[in-house]
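This report refers to the structure that appears directly beneath it.
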Amino acid sequence: WKITMLGGFLKRFIRPLRLFSSNFVSLVDENSIVRKASWILAAEKVEGDYLEFGVYRGRSIIKAHREMEEVYREHMEESGGRSSEATEEIKRIWSEMRFFAFDSFQGLPKIDGLDALGSDFEEGGWSSNEENFRINLTKSRFPMEKLVVVPGWFEESCTEKIKQENSLKRAAIIHIDCDLYSSTKTVLGFVESLLVDGTVIIFDDWYNFKANPSLGEQKAFSEWSEKLSDWVFVQYQKEGPWRNSFIASYQGN
């Protein structure tokens, strides 16, 4: 009977844990792009904020913060030959990092032009709302004081005014989950002035459109990066079936 009681207890305990994980954050993923990028960003002391474009219900930004916090805390320990000055600098960089959430909270925009060649998208798809997004983050114990939510279509929110109002000057990680060529093009134009040497750019839907380089995020990135003569974008990590990433390397004087 003791074994039966123990089994019942475990079922009652594990089931809610699984539900929480499925709704918000999966178990630790040592191979995630964000976790690996965080090691480079912390070790190299790359300053800037985390920007995510297309946050939906918040699962991705919750997971990103948890992974980054774990990595930065390891780098804050005075070990491995790191000086106290270096440790303090890493602490400062982490304490100043904010998490920007850009989303229309109305789903995808009207699908036209090149984006209409895909079969996976429809206007209003992936729709959530800002209130539920905030509730999910609060439930996950996300540090809301670090969060900056920028609602609205990217054409309206990705502006110089937004940068000035939020003192947004540098980006350490740029996570683009836009699906579409048109949206990605707008976002890349917005983040261009925020690049620093070492910025990691993550494309959540790089291999959409059957990985056709003339469509989607790939086309937007190709057109944009070709115009930036002072920057080289070094191929970085892949994750899952869709994600790809690059590190921005400054080549100017």
- Decide yes or no on side chain to side chain contact (heavy atoms under 4.5 Å, CB included) for Met97 and Tyr72, but give the supporting numbers first. CA-CA 11 Å; Met97 186 181 295; Tyr72 272 82; 3.7 Å; yes
- Is there a salt bridge (Lys or Arg N to Asp or Glu O under 4.0 Å) between Glu131 and Arg134 once you walk through the steps? CA-CA 5 Å; Glu131 181 181 2; Arg134 289 182 178 273; over 6 Å; no
- Derivation of the side chain to side chain contact (heavy atoms under 4.5 Å, CB included) call for Lys227 and Glu192: CA-CA 11 Å; Lys227 296 186 297 182; Glu192 184 174 321; 5.6 Å; no
- Which is it for Leu137 and Leu147 under the side chain to side chain contact (heavy atoms under 4.5 Å, CB included) test, yes or no, and what are the steps along the way? CA-CA 10 Å; Leu137 265 65; Leu147 178 69; 3.7 Å; yes
- Item | Glu70 and Arg66: CA distance, side-chain angles, deciding distance, salt bridge (Lys or Arg N to Asp or Glu O under 4.0 Å) verdict | CA-CA 6 Å; Glu70 290 174 5; Arg66 288 186 177 175; over 6 Å; no
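Interatomic distance, Ile111 CD1 to Ser182 OG, rounded to the nearest 0.5 Å: 7.0 Å. The distance from the CG atom of Asn132 to the OH atom of Tyr56 is 10.5 Å, given to the nearest 0.5 Å. To the nearest 0.5 Å, atoms CE (Met76) and OG (Ser95) are separated by 7.5 Å. From Asp205, atom CG reaches atom OG1 of Thr184 across 7.5 Å, with rounding to the nearest 0.5 Å. Going from atom CZ of Arg57 over to atom OG of Ser60 covers 14.0 Å, rounded to the nearest 0.5 Å. We find the CE-CZ distance between Met68 and Arg35 to be 11.0 Å, quoted to the nearest 0.5 Å.
The nearest pair of heavy atoms linking Asn136 to Ile62 is O-CD1, 3.9 Å. When every heavy atom of Tyr236 is checked against every heavy atom of Ile247, the shortest pair comes out as CD1-CD1, 3.7 Å. Taking all atoms of both residues into account, the shortest heavy-atom contact from Ser214 to Lys219 is O-CD, 3.0 Å. Residue Cys158 comes nearest to Phe102 through the heavy atom pair SG-CD2, 4.4 Å, listed as atom of the first residue, atom of the second, then distance. Contact between Ala86 and Lys45 at its shortest, heavy atoms only, is CB-CE, 3.8 Å. Across every non-hydrogen atom of Ala171 and Thr199, the tightest pair is O-OG1, 2.7 Å.
The shortest side-chain heavy-atom distance between Lys146 and Tyr50 does not fall under the 4.5 Å cut-off. Residues Leu51 and Leu168 have side chains in contact (heavy-atom distance under 4.5 Å, counting atoms from C-beta outward). Between Trp206 and Arg243 the shortest side-chain heavy-atom distance does not fall below 4.5 Å. Annotation: side chain of Ser245 is not in contact with side chain of Ile201 (no heavy-atom distance under 4.5 Å). Side-chain atoms of Glu89 and Ile93, non-hydrogen and from C-beta on, do get closer than 4.5 Å to each other. Using a 4.5 Å heavy-atom threshold, the side chains of Leu180 and Cys178 count as separate. Contact of the Ser225 side chain with the Phe246 side chain is not registered, since no non-hydrogen atoms from C-beta on lie closer than 4.5 Å. Inter-residue side-chain proximity for Asn244 and Lys238 is flagged as met; some heavy-atom pair is nearer than 4.5 Å.
For the side-chain contact (heavy atoms from CB on, under 4.5 Å) test, residues two or more places apart in sequence or in another chain that qualify with Val46 are Leu41, Glu44, Val196. Annotation: side-chain hydrogen bond (donor to acceptor under 3.5 Å, both in side chains) contacts of Glu96 (sequence neighbours excluded): Arg92.
The aromatic ring centres of Tyr181 and Phe209 sit 6.0 Å or more apart.
Under a hydrophobic-cluster definition in which Ile, Leu, Val, Met, Phe, Trp and Tyr are linked whenever side-chain heavy atoms come within less than 4.5 Å, directly or via other members, Ile90 and Phe99 are assigned to the same cluster. The cluster map of Ile, Leu, Val, Met, Phe, Trp and Tyr, joined by side-chain heavy atoms under 4.5 Å apart, puts Trp231 and Ile176 in the same cluster. Hydrophobic clustering keeps Ile202 apart from Val71 (ILVMFWY residues linked when any side-chain heavy atoms are closer than 4.5 Å, directly or through intermediates). Both Phe190 and Val187 are members of a single hydrophobic cluster when ILVMFWY side chains are connected at heavy-atom separations under 4.5 Å. In this structure, Leu188 is a member of the same hydrophobic cluster as Leu195, with clusters built from ILVMFWY side-chain heavy atoms closer than 4.5 Å.
Panel note: side chain Asn208, backbone Gly216; no donor-acceptor pair is recorded below 3.5 Å. Under the 3.5 Å distance criterion, the side-chain polar atoms of Gln251 are left unmatched by any main-chain donor or acceptor of Val232. Counting only distance, with no hydrogens or angles, the side chain of Ser222 and the backbone of Gln218 share no donor-acceptor pair below 3.5 Å.
Applying the ring pair (Phe, Tyr, Trp, His ring centres under 6.0 Å) test between Phe203 and each of Trp242, Phe233, Phe221, Trp224 identifies Phe221 as the sole match. The only option from Ile174, Ile61, Asn166, Ile162 that meets the side chain to side chain contact (heavy atoms under 4.5 Å, CB included) definition with Phe100 turns out to be Asn166.
In summary, the side chains of Ser193 and Lys163 do present a donor paired with an acceptor at a separation below 3.5 Å, with no hydrogens or angles considered. Side-chain atoms of Gln237 and Asn31 form no donor-acceptor pair, as typed in the model, at a separation below 3.5 Å.
Between Glu77 and Arg73 no salt bridge is recorded (no basic side-chain N to carboxylate O distance below 4.0 Å).
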Side chains of residues 148-155: which donor-acceptor pairs under 3.5 Å do they make with residues two or more places apart or in other chains?
none

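Classification of the His65-Phe142 ring pair by plane angle, with boundaries at 30° and 60°, yields tilted.
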